[in-house]
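Structure first, then comments.
Computed from a prediction, not measured in an experiment: that's the story for all the values here. What's counted below: heavy atoms across the whole structure, side chains too, no hydrogens, waters or symmetry copies. Order of the sequence lines fixes the chain letters, A, B, ..., with proteins taken first and strands second; residue numbering starts at 1 for each chain.
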There are 2 protein chains.
Amino acid sequence: MSLRHALLGLLADHPASGYDLTRRFEVSLQKYAWHARHSQIYPELNRLAAEGLISVVEEGARGRRTYAITEAGREEVRRWLLTPNKDAVVRNETVLRMFLLSTLDHAEIRKLLHEWIAEADAELERVCGALDRIEELRREQKDRWFGLFAAEYGRRSFQAQREWAEWALRQLDEAEQDGVERSEKENR
Amino acid sequence: MSLRHALLGLLADHPASGYDLTRRFEVSLQKYAWHARHSQIYPELNRLAAEGLISVVEEGARGRRTYAITEAGREEVRRWLLTPNKDAVVRNETVLRMFLLSTLDHAEIRKLLHEWIAEADAELERVCGALDRIEELRREQKDRWFGLFAAEYGRRSFQAQREWAEWALRQLDEAEQDGVERSEKENR
DNA sequence: TTTAACATGTAAACTGTTACATGATTCT
DNA sequence: AGAATCATGTAACAGTTTACATGTTAAA
């Protein structure tokens with residue numbers, strides 16, 4: 001059950017409401033770490049509160065409840081982080097598509113590779129923006145790592161994705177070049 | 001429902017039984033693309049066969065049934081691959097841990113980073129082995145891309161993971177060096 | 001002969017998505 | 001006044017895991 005640890009981890013950085021947490025999933029976790037909807041987040045927050053791992057520290061307008069992590073909650077994230085999970089769950093639909101790419105013909109493969117390069121570029125721009133903002137914050141507080149590790153990981157993995165797609169395009173070029181040479185030889 | 005497309009994609013390369021497919025999930029898909037257990041695979045194969053997307057081409061010992069993809073199945077994978085999914089599902093417990101890493105203290109962060117470097121090295125060795133075997137096969141059949149794209153993607157992403165962990169360790173070193181200098185200044 | 005690997009299946013419990021539901025507050 | 005956003009919730013359904021269940025074949 002990683003959802004509860006994702007929530008506890010986010011609350012370990014600073015207090016937030018269910019609405020805030022939903023937003024943070026959307027903007028930072030969703031793309032490469034974990035996916036969750038508000039319909040799953042709200043009930044889980046209620047369970048965490050009932051178990052004493054988080055607590056309501058503020059009630060605002062529109063029934064807004066701001067939660068903070070408790071000492072028990074902090075211990076639970078720590079325990080989870082330090083317990084290595086040999087077969088961690090991985091689900092990534094984009095990588096699955098990459099895996100099955102070769103069932104298409106060359107022209108279609110190229111089309112998808114170009115699309116992925118464009119997507120990686122867009123994500124890279126977004127992540128670099130986030131990194132700039134984090135660097136800004138770190139001018140003051142040198143020991144605030146939250147966000148920095150994750151953003152840098154995101155940057156590097158999108159970079160790797162882009163380079164992989166370019167490599168794959170070169171492979172196709174070479175294979176086609178090879179094909180042309182062979183047919184020229186046959187025609188002689 | 002990506003599971004059925006994963007199965008169809010694997011069968012598009014060559015026929016296999018539920019048992020074979022379970023193994024292929026374990027050795028190649030599980031770590032970075034998609035996770036599935038036999039208890040989910042067998043019923044799904046029966047559904048795919050009932051819908052005519054795959055068919056039994058051989059019955060062997062111990063009730064073994066070898067499935068092959070049908071023309072309708074091939075069309076379905078193709079359709080799925082060419083339909084871009086803007087918000088693809090991503091769940092990766094290791095990346096989630098990376099994200100929440102900063103809630104630990106420096107010594108603990110270092111310990112986890114070293115563990116991840118060791119894991120990345122082990123995976124890199126495994127993937128490089130797979131790449132060698134694929135290169136061997138490709139000596140004969142230049143146009144067999146299946147496995148190559150995926151393995152190269154795996155190699156690059158584990159490489160990126162390793163380099164990220166080394167970068168994070170350097171960040172901690174610098175911060176600690178910085179801390180020492182500050183306290184020396186204060187003591188003067 | 002006994003152990004490991006092969007081979008498939010089902011049911012209950014749990015996790016996650018989609019759709020429905022409601023209302024408050026802020027901004028234009 | 002109306003639209004957008006804030007804010008939380010539930011129910012039905014779909015997807016996934018865990019545990020149980022069973023029997024075969026090959027190898028040591």
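When rounded to the nearest whole Å, the span between CZ of Arg65(A) and P of dG23(C) equals 17 Å. The nearest whole Å value for the distance from the CZ atom in Arg64(B) to the P atom in dA7(C) is 5 Å. Atom pair His38(B):NE2 and dA21(D):P shows a separation of 14 Å (rounding to whole Å applied). Between the C1' atom of dT5(D) and the OH atom of Tyr19(A) lies a distance of 5 Å, rounded to the nearest Å. Between the CZ atom of Arg47(A) and the P atom of dT10(D) there is a distance of 10 Å, given to the nearest Å. Here the C1' atom of nucleotide dA14(D) and the CD atom of Glu44(B) are 11 Å apart, to the nearest Å. The interatomic distance linking Leu45(B) (CG) with dA7(C) (C1') rounds to 12 Å, in whole Å. Nucleotide dG15(D) holds its C1' atom 14 Å from the CZ atom of Arg37(A), rounded to whole Å.
Under a 4.0 Å N-O distance rule, the pair Arg138(A)/Asp143(A) does not qualify as a salt bridge. A salt bridge is absent between Lys111(B) and Asp105(B): the closest approach of a Lys/Arg side-chain nitrogen to an acidic carboxylate oxygen does not fall below 4.0 angstrom.
Among the protein residues, Arg91(A) comes within range of the sugar-phosphate backbone only, with heavy atoms under 4.0 Å from sugar or phosphate atoms but none that close to a base.
Under the 3.5 Å distance criterion, with hydrogens and angles disregarded, a donor-acceptor pair is assigned to the side chains of Glu163(A) and Gln159(A). A donor atom on one side chain and an acceptor atom on the other are not found under 3.5 Å apart for His5(B) and Glu93(A). Side chains of Gln30(B) and Asp87(A): a donor-acceptor N/O pair is absent below 3.5 angstrom, by distance only.
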Which pairs of donor and acceptor atoms, one on a side chain in residues 164-171 of chain A, lie under 3.5 Å apart (sequence neighbours left out)?
from, atom 1, to, atom 2, distance (Å)
Trp164(A), NE1, Phe149(B), O, 3.0
Glu166(A), OE1, Arg162(A), NH1, 3.4
Glu166(A), OE2, Arg162(A), NH1, 2.0

Atom pairs and distances, donor-acceptor, side-chain atoms in residues 54-66 of chain A, under 3.5 Å, two or more places apart:
from, atom 1, to, atom 2, distance (Å)
Arg64(A), NH1, Ser17(A), OG, 3.4
Arg64(A), NH2, Asp20(A), OD2, 2.6
Arg65(A), NH1, Tyr67(A), OH, 3.4

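Across dA7(C), dT5(D), dT8(D), the shortest atom-to-atom separation from the side chain of Tyr42(A) is found for dT8(D).
Considering only side-chain N and O atoms, Gln40(A) lies under 4.0 angstrom from the phosphate OP1 or OP2 of dT17(C).
Proximity of residues 20-34 of chain A to DNA chain C (heavy atom under 4.0 angstrom from any strand atom) is restricted to Trp34(A). Taking every heavy atom of residues 53-61 of chain A and every atom of DNA chain D, no pair lies under 4.0 Å.
Every residue was checked against the side-chain contact (heavy atoms from CB on, under 4.5 Å) condition with Glu125(B), not counting sequence neighbours, and none meets it. Every side chain to side chain donor-acceptor pair (under 3.5 Å) that Glu108(B) has, sequence neighbours left out, goes to Arg78(A).
For Ser39(B) against dT18(D), a side-chain N or O and a base N or O form a donor-acceptor pair under 3.5 Å. Counting distance only, with no hydrogens placed and no angle test, the side-chain atoms of His35(A) and the base atoms of dG16(C) include no donor-acceptor pair under 3.5 Å.
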